[in-house]
Amino acid sequence: MKHEKYGTHFLVFFYDETGEMEDTFLSDKWQDDAEKEIRPYVEKELDDVLISKEMEEIADSEDWEKIQEEIGDHHQLLLVFDEGIGKELNIDPNKPASYKDYDVSPTIRITISRKKQDTDEDHFNEMINNLKKDKVLEHGNMIVEYISSKGVPLEDDEWHKKF
């Protein structure tokens, strides 16, 4: 589905465990909002980055080589909130508050198309410090993955930090 007002793409599904219809609207809206806010911090430390909405357009193709060509050497940013966050926090989907109004810890995944560099950890810690200082995101789990230009993960080149 696509929310008419916000342009957010989300999933509506029947959840067998509860026997109810559920959706991912709030988590997907928060993802869109947070990625837009976090993007400048990532770009300050790493240069150009693609966010989920841009990746959706590229991934429409079923040709893996074409997808890799379009992504090229761009870094990728994906931020994920738990799909059930709206229900868990009892948020009215007709009044979707900001993720900043809640004590939430999304996962931030950054994929970098190159080998790990000695200065990277300093850049990521600076990014986290600025996100917290500017109250863009107080808590989270950052995962950085390094891949080759062909989209293959590089061995032992991953960085994690919970903040």
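Because the structure is predicted, anything quoted here is derived from the model rather than measured.
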Say you draw a straight line from [atom1] of [X] to [atom2] of [Y]; how long is it, rounded to the nearest 0.5 Å?
{"X": "Leu137", "Y": "Asn130", "atom1": "CG", "atom2": "CG", "value": "12.5 Å"}
{"X": "Glu45", "Y": "Ile128", "atom1": "CD", "atom2": "CD1", "value": "10.5 Å"}
{"X": "Ile38", "Y": "Asp33", "atom1": "CD1", "atom2": "CG", "value": "10.5 Å"}
{"X": "Met142", "Y": "Ile108", "atom1": "CE", "atom2": "CD1", "value": "4.5 Å"}
{"X": "Thr107", "Y": "Gln31", "atom1": "OG1", "atom2": "CD", "value": "11.0 Å"}
{"X": "His75", "Y": "Arg39", "atom1": "NE2", "atom2": "CZ", "value": "12.0 Å"}

Could you go through Gln117 and His123, starting from their C-alpha distance and side-chain angles, then the distance that decides it, and tell me whether this counts as side-chain contact (heavy atoms from CB on, under 4.5 Å)? CA-CA 10 Å; Gln117 297 177 352; His123 288 288; over 6 Å; no
Mark yes or no for whether [X], through its side chain, and [Y], through its backbone, hold a donor-acceptor pair below 3.5 Å.
{"X": "Tyr99", "Y": "Ser105", "value": "no"}
{"X": "Glu158", "Y": "Ile143", "value": "no"}
{"X": "Asn125", "Y": "Asp122", "value": "no"}
{"X": "Asp134", "Y": "Val136", "value": "no"}

What closest approach, in Å, do [X] and [Y] show between heavy atoms, and which atom pair accounts for it?
{"X": "Ala34", "Y": "Leu79", "result": "CB-CD2, 3.7 Å"}
{"X": "Asp23", "Y": "Phe10", "result": "CB-CD1, 4.1 Å"}
{"X": "Glu88", "Y": "Asp82", "result": "OE1-OD2, 3.5 Å"}
{"X": "Leu77", "Y": "Glu35", "result": "O-OE2, 3.6 Å"}
{"X": "Phe163", "Y": "Lys132", "result": "CD1-CD, 3.9 Å"}
{"X": "Asp103", "Y": "His139", "result": "OD1-CD2, 2.7 Å"}

Assess whether side-chain contact (heavy atoms from CB on, under 4.5 Å) is satisfied between Val144 and Asp120, documenting all intermediate values. CA-CA 10 Å; Val144 179; Asp120 283 349; over 6 Å; no
Using 30° and 60° as the class boundaries, would you call the ring planes of Phe81 and Trp30 parallel, tilted or perpendicular? perpendicular
Over 60° means perpendicular and under 30° means parallel, so tell me whether Phe25 and Tyr6 are parallel, tilted or perpendicular.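 Geometry flag for Tyr6 against Phe25: tilted rings.
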Only one of Leu46, Ile147, Val49 clears side-chain contact (heavy atoms from CB on, under 4.5 Å) with Ile112; which?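 That would be Leu46.
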pair [X]-[Y]: side-chain heavy atoms closer than 4.5 Å:
{"X": "Lys44", "Y": "Met127", "result": "no"}
{"X": "Gln76", "Y": "Leu78", "result": "no"}
{"X": "Glu43", "Y": "Asp48", "result": "yes"}
{"X": "Leu26", "Y": "Leu89", "result": "no"}

Can you get from Tyr102 to Leu131 by hopping between Ile, Leu, Val, Met, Phe, Trp and Tyr side chains that sit under 4.5 Å apart? yes
If you count every heavy atom of other residues, nucleotides or ligands that lies below 6.0 Å from Lys100 atom NZ, does the total exceed 12?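 Enclosed: over 12 neighbouring heavy atoms sit under 6.0 Å from NZ of Lys100.
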